[in-house]
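One structure, pasted below without further comment.
A, B, ... follow the sequence lines: proteins, then strands. Residue 1 opens every chain. What you see below is based on every heavy atom in this structure, not just the backbone, and it leaves out hydrogens, waters and symmetry mates.
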Amino acid sequence: MSPQSDQPERVKAVGTFTAIRRLYPYAQSAMPFIYLGMAAALAAGIVALLIPQVLRSLVDGPLQSGDSSQIWPAFFIVLGLGIVEAIMIALRRYFVLTPGTHVEARMRNTLYMTLQHLPVSFHDRWPSGQLLSRAVSDLNLIRRWLSFGLVLLVVNVLTIIVGLLFLVNISWVLGVIFIVTSIPLWIYGYVFEKKYSIVARRSQDQTGDLATAVEESVHGIRVLKAFGRGKHALVGFSAQAESLRGTEIEKARAIAGIWLWLLLVPDVMFALGLLGGVWLVVEGNISAGDLVAFFATATVLRFPVESIGFLLSMTFDARTAADRFFEVMDSANPITDPEHPETITDSRGHLQFTNVHYRYPDSPANVPDLVNGIDLSIEPGETMALVGLTGSGKSTITALTTRLYDVTEGSISIDGVDIRNLTLIELRRHLAMAFEDATLFSSSVRENVLMGRPDSTEEELREALSIAQADFVYDLPKGLDTLVGEEGLSLSGGQRQRLALARAVAAKPAVLVLDDPLSALDVDTEALVEAALRKVLSSTTALIVAHRPSTVMLADRVALLEDGKVTAVGKHSDLLATSSHYRYVISSLEEEEQEVSS
Amino acid sequence: MSVMGTSGEERNDYTKDESRQIRQRSLRLLGSLIAPVRLRVVLTMAVVVVSTAAQVAGPALIAYGIDNALPALIDGETLPLVLVVSAYLFTGIVGASMIAWYTVLSARVSQAILFDLRKRVFLHTQRLSLEFHESYTSGRIIARQTSDLDAIRELLDSGINQLVQGALYMGFIAIAMFSLDWVSGVILFCALVPLGFLTRWFQVRSQLHFRETRTTSAKLIVHFVETMTGIRAVKAFRKEERNREQFGGLVENYRDANARVIQLFGIFDPGLVLIGNVALAMILLVGGLRVSTGDLAIGALLGALLYARQFFAPAQEMAMFYNSYQSAAAALEKISGVLEERPTVADPTTPIDLRKAKGTVTFDGVEFAYNADKVILPKFDLALPAGQTVAMVGTTGAGKSTLAKLISRFYDPSQGTVSLDGVDLRKLHPKDLRRAIVMVTQEAYLFSGNVADNIALGKPDATREEIIGAAKAVGAHEFIEALPNGYDTDVNKRGGRVSAGQRQLLSFARAFIADPVVLILDEATASLDIPSERLVQAGLQTLLSDRTAIIIAHRLSTVAIADRVLVMEHGRVIEDGTPQELISGSGKFAQLHAAWRDSLV
Ligand SMILES: Nc1ncnc2c1ncn2[C@@H]1O[C@H](COP(=O)(O)OP(=O)(O)OP(=O)(O)O)[C@@H](O)[C@H]1O
Ligand SMILES: Nc1ncnc2c1ncn2[C@@H]1O[C@H](COP(=O)(O)OP(=O)(O)OP(=O)(O)O)[C@@H](O)[C@H]1O
Ligand SMILES: [Mg+2]
Ligand SMILES: [Mg+2]
């Protein structure tokens with residue numbers, strides 16, 4: 001299954017701090033604002049702590065003496081402090097929150113770009129929902145942590161420390177009681193980190209798995225409907241949702257644990273404080289005002305203390321989310337631009353395979369390479385058909401030519417330049433493909449067809465469409481501007497395939513690679529497309545994967561793929577005469593055919 | 001304009017009426033989600049009431065300690081102090097453990113609700129017709145089930161906690177305050193007025209923006225899913241840069257929508273604090289004046305001040321709740337919209353059972369159009385007798401797949417009826433329909449999971465032997481055995497682990513194991529090599545002897561095993577007859593066949 005669900009307890013050994021510090025480069029430009037936000041928040045916290053000090057002097061001064069004229073200034077001071085606190089909170093929000101959204105956006109864009117650049121083998125391995133959940137929920141989490149959790153965590157801890165100093169200042173005995181009673185909290189906080197991080201990670205992974213299940217149930221809706229298996233899919237989905245539910249409840253248990261301590265400890269502190277405080281007042285060690293201030297201060301501290309629980313869980317959530325983000329970012333990308341790219345100035349389109357080997361990463365050690373040493377030279381302007389049994393590796397070879405995968409041994413070159421020495425952009429400008437499954441994107445017909453060469457003229461666009469016999473597009477509701485793809489009009493299988501073919505043709509590449517490009521076309525249309533293609537192919541180098549003799553006819557020569565090697569190259573008629581495997585692969589269904597005609 | 005279902009989802013200019021309509025349907029949904037767990041909700045509430053009461057007792061006890069136990073101790077009496085400290089400890093322990101219990105309880109409740117909602121949305125989208133799926137797009141459905149559910153989870157997780165506790169807290173404190181010192185209580189009450197106004201203002205202003213965050217995030221997801229799905233084409237055609245611009249734009253929209261919400265929040269939150277602090281200062285002023293005249297005890301004043309501070313402390317949390325509430329409300333609106341959609345291809349209310357169908361398919365005056373403006377299949381009649389193997393050929397886009405989709409009831413005809421053994425498909429029990437009619441679609445979609453599971457989708461209770469049998473029958477056994485883990489090999493997403501032809505074989509095996517009386521193959525062999533196709537043909541010949549089959553194919557070789565051929569063009573059947581008849585005639589098919597024969601040599 002997913003690279004995740006294999007090992008759910010994947011919280012790495014490194015500490016939360018180290019893990020989270022990796023976010024720094026993304027947050028760097030926002031950091032000054034975050035620091036300012038912290039400063040504002042700290043100011044707000046300290047202002048709140050000053051209010052009890054006013055009470056203290058009030059109780060010991062005017063209230064004792066009954067001098068009511070002193071009460072008004074105290075009122076104004078408290079009022080002023082209250083206003084300052086509100087302003088500081090507004091400032092904190094102002095400083096922190098907008099930069100937070102920018103960091104999130106930056107990370108999301110980076111993730112998306114990285115994913116686009118990561119090789120196809122990465123995408124083969126990673127379930128789609130895991131990518132989606134990283135791009136959406138995880139980054140949301142990180143944003144909220146950065147702009148809220150981080151700031152409050154730092155500030156609340158500082159506020160608590162300052163508050164404790166105030167308490168010690170009011171009465172060191174009471175202060176010490178408070179500090180000692182808080183020790184279990186720190187210990188439990190540590191235990192909590194361990195426990196919580198593991199479930200937090202598991203919950204995020206399971207959320208991703210659930211997203212995968214959702215995505216598949218939606219993309220595979222036709223199959224599920226055709227077999228009436230909606231309920232069946234629900235059973236599997238429910239099982240996954242159920243495990244997520246279990247994890248979430250476990251998470252709640254961990255949170256309940258820390259909550260218990262966070263509430264209990266301050267209560268014990270207050271009780272002890274009350275006992276000790278009253279006693280101290282009686283002994284005359286402190287004044288009544290001191291005691292009032294003490295409790296008022298402690299009350300101000302209550303919220304910061306209690307908030308530590310959810311701030312911590314938020315932090316650990318963010319940490320595991322960051323882990324998940326970096327798992328993608330850290331994935332090795334072996335298919336990159338060369339350091340010193342070469343370039344082909346005047347491309348003729350000579351495609352050369354030299355001892356090309358390829359094996360998928362997961363193939364067992366005892367099987368030979370899927371592509372096991374191919375030597376093949378396709379001359380400029382030549383059209384080569386690639387013929388072989390299902391699963392013999394034809395599509396894999398086409399993917400190698402445009403570096404969706406890299407050869408594991410040997411090399412492929414265009415005009416004598418190893419394709420690994422070209423930038424990917426340049427390579428893919430020289431070489432255009434039509435895949436066996438025609439993917440259209442949610443945009444207009446025009447954009448879909450001109451994807452490989454957006455600056456083409458209207459003339460060229462029409463020409464490509466007519467070569468692919470895709471004239472049906474003019475009859476669509478908005479002609480060339482009709483939206484197709486997921487968000488647009490649904491087309492028939494053959495219509496999609498012709499658009500994909502038109503796309504490859506419109507790119508006007510030096511080398512055209514077509515993977516079974518006519519499989520969904522009827523005999524008539526196929527003949528028309530072939531006739532039109534011939535013109536293009538006379539001047540373009542082409543590699544065409546073919547299953548049908550009719551498609552093979554397009555080619556000047558045919559390469560026969562057998563057991564990972566090209567075992568025969570030649571004209572269709574020659575191969576029919578000389579190669580029994582070729583006859584087996586391509587020749588018509590003689591027996592049945594006779595039945596039909598008899 | 002209507003806001004029924006998902007229509008008008010992207011608008012943000014709802015009228016009052018429409019807003020109410022939407023709100024009511026979200027509330028109905030919420031109500032129906034809570035109903036099954038209401039007992040647990042009651043228990044949870046009880047626990048939180050007790051815990052909050054225990055917590056709120058604190059300042060009153062401190063006030064008592066200062067005003068009574070302190071003088072008593074001065075008089076040498078220790079009992080009041082011991083009592084008040086024990087009471088404090090007691091309430092503390094009760095409060096804390098109740099809260100801990102409550103945390104787990106409420107998680108159970110909210111997880112139960114979420115679980116229920118997830119299943120409901122999942123099953124409902126499975127029920128909705130293809131028409132809906134095609135227009136609403138997969139990305140949006142995914143967004144509803146992922147990011148929108150996330151928003152609701154957040155609300156249930158922490159939001160409700162905060163609301164309930166916060167509200168109770170405020171309620172209890174108000175009571176405690178009034179009993180401690182009613183004057184301070186009145187001041188506190190006055191503070192509620194601006195608080196109410198501020199909250200209302202925020203609610204109205206933020207709703208729009210919250211809706212915007214939901215739609216912008218859905219758009220983001222749509223684009224993201226599409227890119228990842230078509231990653232090969234993205235790379236091969238250098239769409240990365242263009243995508244970056246598009247995605248960047250969507251990210252920006254989402255970011256801005258979020259930022260707008262947050263900005264509003266930046267006014268709301270400090271506003272709350274300001275109101276609280278002004279109230280605190282007022283209590284101090286009024287209370288202080290009264291203490292100085294001896295009308296109020298110092299302890300009571302302290303108690304009132306502590307309460308005032310605590311009264312507004314949860315206000316911030318409540319603001320957080322508001323945040324998650326609004327965002328969840330917007331999500332709930334969208335989800336309830338999807339749930340309100342009725343499948344256009346609806347299950348019958350009084351289904352007719354057809355346990356043992358024979359397999360006669362009839363089209364009676366059927367006409368079909370995807371959109372009202374373009375008829376794809378003009379009115380026609382067609383009868384496919386039980387047991388017949390019918391080949392369907394025709395130019396691409398002629399409407400072959402469309403016809404097949406009518407038989408398998410992906411769509412209902414715009415006019416006329418399609419029936420199986422004389423029973424209108426619309427009245428047939430869905431179970432019987434799916435058992436009787438199975439279609440192998442043009443796109444061979446495989447689910448991630450192993451090979452065996454993918455085949456067993458055709459028959460969930462199939463044994464391993466049956467699965468292997470089906471694979472053998474379609475000639476897939478050999479390549480499956482050669483996979484690293486045989487039948488237990490994961491095929492990866494969309495079956496990317498196997499080749500196109502292998503995918504077709506697997507979806508073919510899936511139909512084979514389902515063993516329907518009517519089998520529709522929509523270009524099921526288009527990507528196969530000729531030897532495999534030959535194997536499949538041989539398998540088909542035995543398989544199809546006693547069932548109705550509709551085989552859509554471009555390769556005329558398929559026609560060999562057919563009893564009857566239909567040639568379609570522009571939505572019409574233009575030729576109909578046995579292969580022999582048509583070949584020897586002079587029509588379209590004869591011509592095609594000749595061309596095809598030529599291509600073979
Ligand atoms: N991503 C992958 N990981 C591992 N193995 C793969 C992967 N993709 C394909 N294979 C295996 O490699 C072999 C060759 O696949 P490929 O798609 O190249 O075949 P093909 O010749 O194009 O077949 P077809 O004619 O059916 O399209 C198959 O046996 C397949 O199972
Ligand atoms: N979901 C849809 N919504 C709107 N129009 C559609 C939809 N699906 C197909 N069409 C249109 O209906 C017509 C018939 O499509 P259909 O898929 O039935 O053709 P087909 O005969 O199966 O062609 P092919 O051989 O290419 O698969 C086409 O013009 C197509 O564009
Ligand atoms: Mg292939
Ligand atoms: Mg079709």
Fill in: Considering all heavy atoms, the nearest B/A100-A/A256 contact
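The pair with the smallest heavy-atom distance is O-CB, 3.3 Å.
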Worksheet item: With B/R497, which residues qualify under salt bridge (charged side-chain N to carboxylate O under 4.0 Å, His left out), at least two apart?
Response: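 Residues passing salt bridge (charged side-chain N to carboxylate O under 4.0 Å, His left out) with B/R497: A/D362.
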Practice prompt. Considering only heavy atoms and a distance below 4.5 Å, find which of B/F479, B/W101, B/Y370, B/Y254 pairs most often with chain A.
Written response: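 Looking at each of B/F479, B/W101, B/Y370, B/Y254 in turn, B/Y254 comes out on top.
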Worksheet item: Can you name the residues that form a side chain to side chain contact (heavy atoms under 4.5 Å, CB included) with A/A135, not counting sequence neighbours?
Response: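 Residues passing side chain to side chain contact (heavy atoms under 4.5 Å, CB included) with A/A135: A/L111, B/F224.
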Discussion item. Heavy-atom pairs under 4.5 Å with chain A: which of B/Q126, B/H223, B/H133 has the most?
Written reply: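 The option with the most such pairs is B/Q126.
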Fill in: Closest-packed option against chain A by number of heavy-atom pairs under 4.5 Å, given B/T441, B/L305, B/D522, B/L274
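Max contact count across the listed options: B/L274.
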Worksheet item: Do the numbers put A/R222 on top of the ring of B/Y445, so that NZ or CZ is under 6.0 Å from the six-membered ring centre and no more than 45° off the axis?
Response: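 No, A/R222 does not sit over the ring of B/Y445.
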Worksheet entry | Cation-pi, B/F410 ring and A/K225 (6.0 angstrom, 45 degrees) |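 No cation-pi geometry.
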Item to complete: Test B/K235 against every option in A/Q116, A/R428, A/M433 by the side-chain contact (heavy atoms from CB on, under 4.5 Å) rule and name the one that passes.
Response: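 For B/K235, the side-chain contact (heavy atoms from CB on, under 4.5 Å) check succeeds only for A/R428.
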Practice prompt. Classify the side-chain pair B/S527/A/E436 by whether it contains a donor and acceptor separated by less than 3.5 Å.
Written response: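 Judged by distance alone, the side chains do not pair up.
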Worksheet entry | Partner chain A: residue of B/R118, B/M439, B/R232 with the largest heavy-atom pair count (under 4.5 Å) |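 Among B/R118, B/M439, B/R232, the one with the most close pairs to chain A is B/R232.
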Worksheet item: Can you say whether B/P484 sits under 4.5 Å from chain A via the side chain, the backbone, both, or neither, judging by heavy atoms?
Response: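 Both backbone and side chain.
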